[in-house]
*Asks:* 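Please see the structure below; I have some questions.
Below, chains carry the letters A, B, ... as their sequence lines are ordered, and counting in each starts from 1. Just the heavy atoms: all of them, side chains too, but no hydrogens, waters or symmetry mates, feed the values below. Keep in mind it's a predicted model, so treat the numbers as computed, not measured.
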Protein chains: 2
Amino acid sequence: MTNNEIEKKLESKKVKPTAMRTLVYKALADSGKTLSLADLEQRFEKVERSTIFRALKSFEDNFIVHTVNDGSGSVKYAVCDEDCTCNIHDLHVHFYCTRCGRTRCMKELPIPNIKLPDGYTYDNAQFVINGVCPRCD
Amino acid sequence: MTNNEIEKKLESKKVKPTAMRTLVYKALADSGKTLSLADLEQRFEKVERSTIFRALKSFEDNFIVHTVNDGSGSVKYAVCDEDCTCNIHDLHVHFYCTRCGRTRCMKELPIPNIKLPDGYTYDNAQFVINGVCPRCD
DNA sequence: AAGTTAGTGCAACATTGTTGCAAAGTTTAA
DNA sequence: TTAAACTTTGCAACAATGTTGCACTAACTT
């Protein structure tokens with residue numbers, strides 16, 4: 001993804017595309033994976049944790065990335081699809097490989113619809129499947 | 001739940017029922033909720049965090065309690081059902097109330113079956129729904 | 001009763017996520 | 001074009017969480 005495309009993307013979501021933000025987004029998008037804050041820190045040794053953290057937060061707040069809580073102890077981030085609004089219908093299953101620790105967006109597997117008992121509202125969900133990925137098997 | 005019942009329960013799962021473990025189990029069972037390590041610490045001000053932690057770990061390893069990763073930042077624990085072996089078929093949805101921070105086991109809602117792409121194995125899963133509970137609505 | 005094993009408390013620690021503040025950079029508007 | 005206003009970044013610090021090593025104590029074994 002070119003810097004230009006990234007800048008447009010960020011602008012379209014009302015996030016000012018600063019140099020740092022563009023770099024962080026690029027790293028995440030190019031990785032094609034979910035990355036934790038620590039993962040990203042390693043890719044930019046010179047950049048402050050808090051800067052990356054705040055970039056990710058602004059992305060998250062503006063539906064540019066979504067987070068996954070895979071139980072590994074650190075939150076992971078992944079770029080959203082083009083038209084994602086991070087609402088229930090855009091959510092997909094994530095797969096956490098207990099062997100390599102990698103977490104993958106299963107975009108082809110939407111989170112199934114659940115009928116909650118009366119009185120509960122449904123805003124959001126996380127569905128993480130643990131197992132072993134083809135790579136590790 | 002009486003101490004006697006708890007001791008039997010723990011023994012049946014091959015965990016020696018020490019005084020501390022019995023207390024921790026009782027607190028968790030009696031609460032009828034999911035509790036974090038910090039929650040339990042508060043209930044036993046005199047007891048070491050690590051002791052409670054290790055009690056919970058031994059419970060978890062022996063399928064006496066299960067953990068929930070509700071995204072709140074701390075893992076929560078809940079007692080398993082009588083016959084639970086914590087395998088896929090015993091898993092249920094958890095509900096995290098974004099208002100009060102409480103997490104509830106929805107035992108009546110089993111985790112739906114998902115057909116993963118070839119090459120992936122399915123050991124375990126976490127399905128947490130975020131919303132507002134009747135109490136907070 | 002002595003020896004072995006298991007459990008507990010204490011202290012310390014790494015990691016994660018987060019914030020306040022000041023410096024640097026960017027935008028606005030005179 | 002320069003000053004003022006605002007935003008972003010880096011630094012430092014911090015709390016919370018989860019976790020471990022070690023020594024002491026309790027419990028079990030023979």
Side-chain angles (χ1 to χ4, degrees), chain A residues 3 6-7 10-11 13-28 34-62 64-78 96 98 101 103 126, chain B residues 3 6-7 10-11 13-28 34-62 64-78 96 98 101 103 126:
Chain A
N3 282 357
I6 293 169
E7 282 160 26
L10 300 190
E11 271 163 4
K13 302 273 187 166
K14 315 257 186 266
V15 171
K16 204 188 331 174
T18 65
M20 282 292 94
R21 288 191 189 137
T22 307
L23 276 173
V24 171
Y25 185 91
K26 190 166 167 47
L28 197 57
T34 62
L35 297 178
S36 67
L37 180 53
D39 293 335
L40 283 161
E41 259 183 280
Q42 288 195 318
R43 299 187 185 215
F44 305 109
E45 293 197 8
K46 307 247 175 71
V47 184
E48 250 302 297
R49 179 159 75 263
S50 57
T51 303
I52 304 174
F53 172 75
R54 285 191 267 226
L56 292 168
K57 261 272 178 290
S58 69
F59 294 164
E60 193 188 358
D61 292 346
N62 293 282
I64 298 168
V65 306
H66 61 273
T67 57
V68 195
N69 221 296
D70 59 18
S72 67
S74 50
V75 174
K76 299 214 177 114
Y77 298 83
Y96 176 67
T98 49
T103 297
Q126 292 258 347
Chain B
N3 281 358
I6 294 169
E7 281 161 25
L10 299 190
E11 270 162 5
K13 302 273 187 167
K14 314 257 185 267
V15 170
K16 201 188 335 172
T18 65
M20 282 292 96
R21 288 190 188 138
T22 307
L23 276 173
V24 171
Y25 186 92
K26 188 164 167 49
L28 197 56
T34 63
L35 297 178
S36 67
L37 180 54
D39 293 335
L40 283 161
E41 260 183 278
Q42 287 193 319
R43 299 188 184 213
F44 305 109
E45 293 198 9
K46 306 246 174 73
V47 183
E48 250 302 295
R49 179 158 75 265
S50 56
T51 302
I52 304 173
F53 173 75
R54 286 189 267 228
L56 292 168
K57 260 273 179 289
S58 70
F59 294 164
E60 192 189 357
D61 292 346
N62 293 282
I64 298 169
V65 306
H66 60 273
T67 56
V68 195
N69 220 297
D70 59 17
S72 67
S74 50
V75 174
K76 301 216 176 116
Y77 298 83
Y96 176 65
T98 50
T103 297
Q126 293 258 347

*Asks:* Show every salt bridge (Lys or Arg N to Asp or Glu O under 4.0 Å) that has at least one partner inside residues 37-49 of chain A, sequence neighbours left out.
*Replies:*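 Residue pairs passing salt bridge (Lys or Arg N to Asp or Glu O under 4.0 Å), neighbours aside: A:E41-A:R49.
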*Asks:* Whole angstroms only, please: what is the CD-P distance between B:E7 and D:dA27?
*Replies:*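 The distance from CD of B:E7 to P of D:dA27 comes to 13 Å, rounded to the nearest Å.
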*Asks:* What is the distance, rounded to the nearest whole Å, between atom CZ of B:R49 and atom P of D:dA16?
*Replies:*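 Atom-to-atom, B:R49 to D:dA16, this comes out as 10 Å.
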*Asks:* Considering heavy-atom distances to DNA chain D, does B:K16 or B:Y77 have its closest nucleotide positioned more toward the 5' end?
*Replies:*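 Looking at DNA chain D, the more 5' nearest nucleotide goes with B:Y77.
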*Asks:* Does A:D70 use its side chain to pair, donor to acceptor, with the backbone of A:S72 at less than 3.5 Å?
*Replies:* yes
*Asks:* Below 4.5 Å, heavy atoms only, C-beta onward: do B:T51 and B:F44 meet side chain to side chain?
*Replies:*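 In short, these two side chains do not touch, never coming nearer than 4.5 Å.
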*Asks:* Can you tell me if the side-chain N/O atoms of B:K57 get under 4.0 Å from OP1 or OP2 in D:dT19?
*Replies:* yes
*Asks:* For the side chain of A:Q126 and the backbone of B:G71, is there at least one donor-acceptor N/O pair under 3.5 Å apart?
*Replies:*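 Pair absent, no side-chain N/O of A:Q126 close to backbone of B:G71.
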*Asks:* Between D:dG18, D:dC11, D:dT9, which one does the side chain of A:T18 approach most closely?
*Replies:* D:dT9
*Asks:* Whole Å only: how far is the CG atom of A:L37 from the C1' atom of D:dG10?
*Replies:* 15 Å
*Asks:* Between atom CZ in A:F53 and atom P in D:dC14, what is the gap in whole Å?
*Replies:*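 Between P of D:dC14 and CZ of A:F53: 18 Å.
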*Asks:* CE of B:M20 versus C1' of D:dT25: gap in Å, rounded?
*Replies:*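 Answer to the nearest Å: 14 Å.
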*Asks:* Would you say that B:T103 contacts B:Y96 through its side chain, given a criterion of any heavy-atom pair below 4.5 Å between the two side chains?
*Replies:* yes
*Asks:* Could you please name the option among D:dT19, D:dC11, C:dG17 that lies closest to any side-chain atom of A:E48?
*Replies:* D:dC11
*Asks:* Under 3.5 Å, is there an N or O donor on one side and an acceptor on the other linking the side chain of A:R54 and the base of C:dG17?
*Replies:*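 By the distance-only test, no, there is no pair.
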*Asks:* Let me spell it out: for each of B:S50 and B:G73, pick the nucleotide of DNA chain D with the closest heavy atom. Which residue's pick is nearer the 5' end?
*Replies:* B:G73
*Asks:* What's the CG-C1' distance between B:L56 and D:dT19, to the nearest Å?
*Replies:*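 Result: 13 Å.
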*Asks:* Take the protein atom CG of A:L23 and the nucleotide atom P of D:dG10, then report the distance between them rounded to whole Å.
*Replies:* 10 Å
*Asks:* What's the NZ-C1' distance between B:K14 and C:dG7, to the nearest Å?
*Replies:* 20 Å
*Asks:* For A:A55, report the nucleic acid contact type (base, sugar-phosphate, nothing); a contact means any heavy atom under 4.0 Å.
*Replies:* nothing
